[in-house]
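Accompanying notes for the structure given below.
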Amino acid sequence: MTSETETGKVQAKPEPILQIKKLCIDYPIAIGTVQAVRDVSIDLYDGEALGLVGESGCGKSTLGLAILDLVREPGKIASGEILYHGRDILKMPKAEVLALRGQGVAMVFQNPLTSLNPLMKIKDHFLETIQQHKPDILKKDALRMTAELLEELGIDKKRMDDYPHQLSGGMRQRIMIALGLIMNPDIIIADEPTTSLDVIVEAGFVDLLNRLRMKFELSIILITHNLGLVAEIADRIVVMYGGKIMEEGTAEMIFHRPYHPYTAGLINCVPNIDVDQAKLTTMAGSPPDLVHPPKGCRFQPRCPKALERCAVEEPQLLTYRDGRRAACWLYPEEF
Amino acid sequence: MDRKSNTGAAAEAAFSPAAGMGRLFRWLSEKNKRYGAEWWIMIAGILIIALIVFAAVCPTVFTKFDPLDQNAGTQLGAPNAEHLFGTDNLSRDIFSRMMYGSRTILGVAIAAALVSSLIGIPLGLLSGFIGGWFDKTLSLVMDSLYSFPGLILAISFAAMLGPGVINITVAVAVIYIPTYFRLVRGQTLTIKEELYVEAARAIGAKRSMILFKYIFPNVIATVVVVFSLNIADAIMTEAALSYIGLGLPGSIPDWGMDLSMGKKFLPSGVWWMITFPGVMIMILALGFTMLGEGLAEILNPKLLEK
Amino acid sequence: MKNLLKYIVSRVLLTIPMLFILLSLVFVVLRVMPGDPVSAMLGDHAPAHVIREKQLELGLDKPIFVQYLNYLGQIARFDLGESMVYKQRVVDTMKDKLPATVELTVIAMIFTLLIGIPLGAFAASKRRSARDFGIRLYGNIVYCIPVYWMGLMLQLLFGIFLNWLPIAGRTSARTFVTDFARSNFYIIDTIVAGNWAALGDVLIHIFLPSLTLGITLSGVFLRLTRANMLDTLKSDYVLAARARGIPEKHVVYRHALKNAFIPILTMLGLQFATLLAGAILTESTFSWPGIGRLLLERIYLRDYPVIQGVIVVYALLVSLISMLVDIIYAFIDPRVKY
């Protein structure tokens, strides 16, 4: 194991339960290959909540799907490893990957309004999942399990007989979470879980996720562009830009002393009533063309602090003394 | 058959054949990269159509026989070197009948598609644009016609009008008017609500101006695709009518009629009298379908999925 | 359930203007036709007074407008009238012909769906592979094959060269139809009568014509299924199902196909008209005694009431099917409410 992967805030903790190593994902399109994810290495420890942030198109959702080996066609994992409890998901036999999905790692999707099959009753979603993973469980026990979990999440069990279109957005979001939890996974990947919810429902969602995390001893990967949400849930934050990791550190480091200008830029974009802000800033420029990524640092064309060197040479992801990692020429030495 | 005229590289290609072909090929493969298989499907469709159009324009290049000559060969002769497709019950050369017959079917199908689009498009535009009771009444009539099996209408019309090239064209044209009407009306309704049309209205553009400057050009792209697919359909309908015996006088060579003639000799195993007319109808229809699908993919990938 | 009933009633009422428009059109078309039933029956050389007598008898002497109103009145009383050529009520003329057509189209539709939907779903799940390309090619070619030519080729192959299957009629001469015919749906009749030999005979007769009709329409359904499947396979609930560990087979056929089926159902309603049109040509090719052949026969004889009757029946069949489709909708899609 390289020194790089052993970093992170917690030395005391044992082996990570999920290790992503040097992952590269390509999307072949008509005019070339989109380098959607490049050389991404991330560790996830037991019970930890990791925030994966960046603008849309930075590869964070693709990375989330890759963990379940579900990268959308025609995307392909070009190289790298994804170790779940030390075993590479990408090399597992098909049956084991199927068993892992939902049972080891579960996913909660962006859009609860379209993530449930409109032609299936709520309970049938659960039954299908339970019977797929545990064929021995009787139907009536499976229904009881479902009812209990739904009540836990504050949904009347009578709703099990409803079809998705009969429920509100917030309810469907909670049902998606319940569907994720039903097989007792140890990792939940939540991909933009609140984008389609209104603010009040979003607040409820944060409380719920924090509560469930304790109760079910979950590790969480929260994929979002919403820094406010990350601040409320995540212990550690990975900032991605253009398919690469720009910076990684504890929530505190990222929010209070960001190294990377991109991280700083992201934080400046968040409207914040606590900090005295003269005006709301937006970040200039647009996400990079990933078919022909910029030479040197990928953020360099938009970077307010870019040096001459940034356009020539790509900065390496270095580990600093406080445990954070960053890839920026402003901090060329490990210190 | 001038393949280059279809590609736009014609002017360059004229200078030196070898360099021209090279450039043409590069241009084609560049388009291939952009549009994939659909591009080649369209090219194949154009080639098929071009070949048959060429046969229709100058059939003498392909055959020395007169399609009506009843002494061209033996009676019901099987295909051989002299009569590639054999001869029919009246000793006429079937290959020659195919070449000359392409004139009839192409002419009728294209003319019918033109007639029905020339009636259906303006009606659809007006109906969608004006709205109100005019739209309601016209839509009801068109929907009724559309939901009814078109061939039955065509049969009634063809029977009413009697045999003849113009008559069969009218009979085929009638049943496709609702197709254009519905398509154009639907598009007009959508485009009418678009922001840029709203904006034009807001700055006081005239109604006629909005119709011709904004709505019509947008509608026409879709119509091109449907026109090509419509010709394919019209080909099959024309052939069906003359197969039933409602189409044309016997003095005009026609694929559908040859097919119905061949049907009589099917029990004696005269396969060549039915095989070749059918293959010709199929290939011609396939050409227009491929052209239409390729165009659809290139102009508007979502169109045919609906 | 009460809502459904209300819906059906409103649908039936909606077919009335459609019928009215079609009948008016056909009436005009037919009456302007050169030739009339009298000269078709008596020939051109009949004495003038005989023709005159016949015209009076059939009411053809009255002004066209009066004839039109009379006819509409008749239809409103659910009376299709009497043939002008043979002494027979139109309803009786069609009694054994309509079941033949319905039997042919229903079996053909089954062939269409059995061929088109699985092939389309399979092609979509193997997108961009050689198999996908092959299936699409089949779909495009089949779409461009004229149904009557396909019929002739199949007759030539299976009927003449191989001599496996009959190429004409609903039964062979050996089978006595009067032994079992009740409803004139021969498949049902022979099963009810327990006459298995006759059933076998009926089935081998219907096989080729219905297969012909079914294959030619399968291309449309194949393409539609494929396109819809590609859409549903991209949908969020399919990805979510995969993420829950549902095997690909179930994802494709249980989640995606079932959702893709809804637009296919719409198409089924629309394509039924195409199927009926194809049935006319198939009936003519296979000497199948259905209403399509009846129509062609009587068009030559200018037998107005029968022609109009057949058109009415076709229009009713089309509306009946689209109504059925809407009702099936309500059962498949929980979001649809009447």
Side-chain angles (χ1 to χ4, degrees), chain A residues 28 61 64-65 67-74 94-122 124-126 128-134 161-166 172 175-176 179-183 185 188-189 191 196, chain C residues 117 121-133 225-266 325-338:
Chain A
S61 288
L65 287 172
I67 297 173
L68 288 173
D69 196 12
L70 277 177
V71 178
R72 284 191 197 252
E73 291 260 300
K94 245 188 177 161
E96 273 182 64
V97 177
L98 282 183
L100 175 88
R101 293 178 189 161
Q103 225 170 0
V105 183
M107 195 138 184
V108 177
F109 286 95
Q110 300 207 8
N111 198 342
L113 301 177
T114 54
S115 294
L116 291 164
N117 185 338
L119 304 186
M120 269 167 78
K121 288 181 177 174
I122 299 301
D124 293 325
H125 285 86
F126 285 92
E128 182 192 43
T129 312
I130 296 171
Q131 284 170 345
Q132 179 60 41
H133 291 291
K134 295 258 159 52
D161 288 315
D162 283 353
Y163 285 97
H165 71 278
Q166 293 166 302
R172 278 189 252 182
I175 282 165
M176 286 311 293
L179 260 176
L181 291 173
I182 189 78
M183 298 318 297
I188 284 240
I189 302 169
D191 185 0
S196 55
Chain C
I117 293 180
F122 183 76
S125 73
K126 306 276 179 225
R127 189 156 119 100
R128 297 219 172 96
S129 69
R131 277 179 290 184
D132 175 31
F133 193 77
T225 309
R226 183 177 173 278
N228 282 313
M229 278 292 281
L230 288 180
D231 271 359
T232 50
L233 280 173
K234 268 185 258 163
S235 63
D236 291 342
Y237 54 83
V238 160
L239 185 65
R242 285 190 182 130
R244 288 199 299 274
I246 310 297
E248 195 58 25
K249 200 174 66 194
H250 290 176
V251 171
V252 171
Y253 293 100
R254 230 189 256 161
H255 289 264
L257 184 56
K258 216 176 150 194
N259 276 283
F261 192 70
I262 290 173
I264 294 172
L265 197 63
T266 313
V325 161
D326 284 342
I327 293 169
I328 297 172
Y329 252 133
F331 282 101
I332 293 186
D333 192 338
R335 288 165 295 187
V336 175
K337 285 277 167 291
Y338 294 115

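Predicted model only: the values in this text are computed from it and were never measured. Quick note on labels: first sequence line is chain A, next is B, and so on, each numbered from 1.
- Heavy atoms closer than 4.5 Å to chain A are found in the side chain of C/I262, but not in its backbone.
- Annotation for C/A121 and C/L257: closest pair CB-CD1, 4.0 Å, computed over non-hydrogen atoms.
- With a 4.5 angstrom heavy-atom cutoff, A/L65 touches chain C only via side-chain atoms.
- Only the side chain of A/M120 comes within less than 4.5 Å of a heavy atom of chain C; its backbone N, CA, C and O stay farther away.
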May I have a list of the donor-acceptor pairs under 3.5 Å that connect chain C with chain A?
| residue | atom | partner | partner atom | Å |
| --- | --- | --- | --- | --- |
| C/K234 | O | A/R72 | NH1 | 3.2 |
| C/D236 | OD2 | A/T114 | OG1 | 2.5 |
| C/Y237 | N | A/T114 | O | 3.1 |
| C/A243 | O | A/G102 | N | 3.4 |
| C/R244 | O | A/H133 | NE2 | 2.7 |
| C/R244 | NE | A/T129 | OG1 | 3.0 |
| C/R254 | NH1 | A/E128 | OE2 | 3.3 |
| C/H255 | ND1 | A/N117 | ND2 | 3.0 |
| C/H255 | NE2 | A/E128 | OE1 | 3.0 |
| C/H255 | NE2 | A/E128 | OE2 | 2.7 |
| C/N259 | ND2 | A/N117 | OD1 | 2.9 |

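- Interface remark: A/L119 contributes backbone and side-chain atoms alike to the contact with chain C (heavy atom separation under 4.5 Å).
- The shortest heavy-atom contact between A/M183 and A/G102 is CB-O, 3.4 Å.
- Residues C/A240 and A/F109 approach most closely at CA-CE1, 3.4 Å, considering heavy atoms.
- C/M229 approaches C/A256 most closely through the heavy-atom pair SD-C, 3.8 Å.
- How far CD1 of A/I175 is from CG of A/L116: 6.5 Å, rounded to the nearest 0.5 Å.
- In this structure, CD1 on A/I189 lies 4.0 Å from CD1 on A/I67, to the nearest 0.5 angstrom.
- Across A/G104 and A/P185, no two heavy atoms sit closer than the pair O-CB, 3.3 Å.
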